[in-house]
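Since the structure comes first, as structure tokens, the remarks are kept for the end.
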There are 2 protein chains.
Amino acid sequence: MRVVNLPASASAGRPHGTRVRGTRQAEAVAAVLDRLPGFCSAQQIHAELRERGEQVGLTTVYRHLQVLSETGRVDAIRDSSGEILYRRCQTDTHHHHLTCRNCGRSVEVEGKAVERWADEVAQQAGFSEVGHTVELFGLCPDCGQLPPR
Amino acid sequence: MRVVNLPASASAGRPHGTRVRGTRQAEAVAAVLDRLPGFCSAQQIHAELRERGEQVGLTTVYRHLQVLSETGRVDAIRDSSGEILYRRCQTDTHHHHLTCRNCGRSVEVEGKAVERWADEVAQQAGFSEVGHTVELFGLCPDCGQLPPR
DNA sequence: ATATCTGCAAAGACTTTGCAACCTT
DNA sequence: AAGGTTGCAAAGTCTTTGCAGATAT
């Protein structure tokens, strides 16, 4: 079992005095992310890069996405098939997603109420350093018209 | 996902030769699901079965869960690590879990506030048939004492 | 010059499928 | 006996890691 639920604070601390380097690949990945409207998988992004003539290894794509997501510069969620989907953050505050389980379209939503609730509940139970996972799924206005399943 | 504390098995030993619906394996999987409080992965369920002395192949566990989920008798969601988690449908008491990321201990918490928030947010966005995934992680009172990291 | 970054190949983790033997009905 | 069920082994997917060579600063 892969353990992934680290606290948001568990950042990719870099060794002393180092800094992220700008490479052609890093740039290419960022560029593709910038012009993608919705959530895309690493594989889709990789394919898109190839199509644009950029030579970037799949491994590298994964690595950049991982870092970008850890540092909060892109959102990452799982779709129902288990793939991780990435998208450039559109707001810089903490938020959650309401995703259509049919077409994948998603909306960012604020979660003040949830944050408050989480903190409150945690305090009551005596827990500390509490983080949360909150995702909403439903049928978007378009897909909601169609008969379910 | 970390392992959630499974209650010690107090299986009412099923006398051999008891007639069960379907097969021994189907019954065993259903039994484990029935007494699990929260979401569990197929692999956790399989491990729990072994612990109870039930010989059920992992493949079979997956197949039963798949069917149960397709027929709507259990809920299935993906956790952040990509595993599918299953839970017996609980029409009455819907709750969430606050789990210690150090020792795995977990507490059930009510989520009225979250439900309301989810419904409200969904409605505003025009989404229908909205479900949610909410899990809280933190350090329990005991583990919180220890110096972090 | 050298700490990073790349990317191929291989490993890992979870889930699904092929198929012969087994068990219910 | 017939047909669904089981489970080992192997295949499939997506993602991560080992490592040697390439690269940015």
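Within every chain, numbering begins at 1; the chains are lettered A, B, ... in the order of the sequence lines, protein sequences first and strands thereafter. Side-chain atoms are counted along with the backbone in the values below, which use heavy atoms only and exclude waters and symmetry mates.
- Distance CD (A/Gln44) to C1' (D/dT15): 15 Å, rounded to an integer number of Å.
- Taking atom CD of A/Glu27 as the reference point, atom P of C/dT6 lies 12 Å away to the nearest angstrom.
- The shortest distance between the side-chain N/O atoms of B/Tyr62 and the OP1/OP2 oxygens of C/dT16 is not below 4.0 Å.
- When the nucleotides C/dT15, C/dT6, D/dT15 are ranked by their closest atom to the side chain of A/Leu58, D/dT15 comes out on top.
- Note on B/Gln43: a side-chain N or O is less than 4.0 Å away from OP1 or OP2 of C/dT15.
- The side chain of B/Arg24 approaches D/dG7 more closely than any other nucleotide in the set C/dC5, D/dC14, D/dG7.
- Ion pair A/Arg35/A/Glu48 flagged as a salt bridge, since at least one NZ, NE, NH1 or NH2 atom sits closer than 4.0 Å to an Asp/Glu carboxylate oxygen.
- Among the nucleotides D/dT17, D/dC14, C/dT15, the one closest to any side-chain atom of A/Thr59 is D/dT17.
- In this structure, a donor-acceptor pair under 3.5 Å is absent between the side chains of B/Tyr86 and B/Gln66.
- Taking atom NE2 on B/His46 and atom P on D/dT6, their separation rounds to 13 Å, with Å as the unit.
- The nearest pair of heavy atoms linking A/Glu54 to A/Ala28 is CD-CB, 4.0 Å.
- For the pair B/Gln66 and C/dT16, the criterion of a side-chain N or O lying under 4.0 Å from OP1 or OP2 is met.
- In summary, the side chains of A/His46 and A/Glu51 do not present any donor paired with an acceptor at a separation below 3.5 Å, with no hydrogens or angles considered.
- Here the C1' atom of nucleotide D/dT15 and the CD atom of B/Glu83 are 14 Å apart, to the nearest Å.
- Across the protein-nucleic acid pair, A/Ile84 atom CD1 and D/dT13 atom P stand 18 Å apart, rounded to whole Å.
- A close approach under 4.0 Å does not occur between any side-chain nitrogen or oxygen of B/His64 and OP1 or OP2 of D/dT5.
- Rounded to an integer number of Å, the gap from CG of A/Leu85 to P of D/dC14 is 11 Å.
- Following rounding to the nearest Å, B/Glu54 (CD) and D/dT6 (P) show an atom-to-atom distance of 12 Å.
- Residue B/Thr23 places at least one side-chain N or O closer than 4.0 Å to OP1 or OP2 of D/dT6.
- Residue B/Arg63 places no side-chain atom within donor-acceptor reach of the base of D/dG4, judged by atom type and a 3.5 Å distance cut-off alone.
- The existence of a salt bridge linking B/Lys112 and B/Glu110 is confirmed by a sub-4.0 Å separation between a basic side-chain nitrogen and an acidic carboxylate oxygen.
- A sub-4.0 Å separation between OP1 or OP2 of D/dA24 and a side-chain N or O of A/Gln25 is absent.
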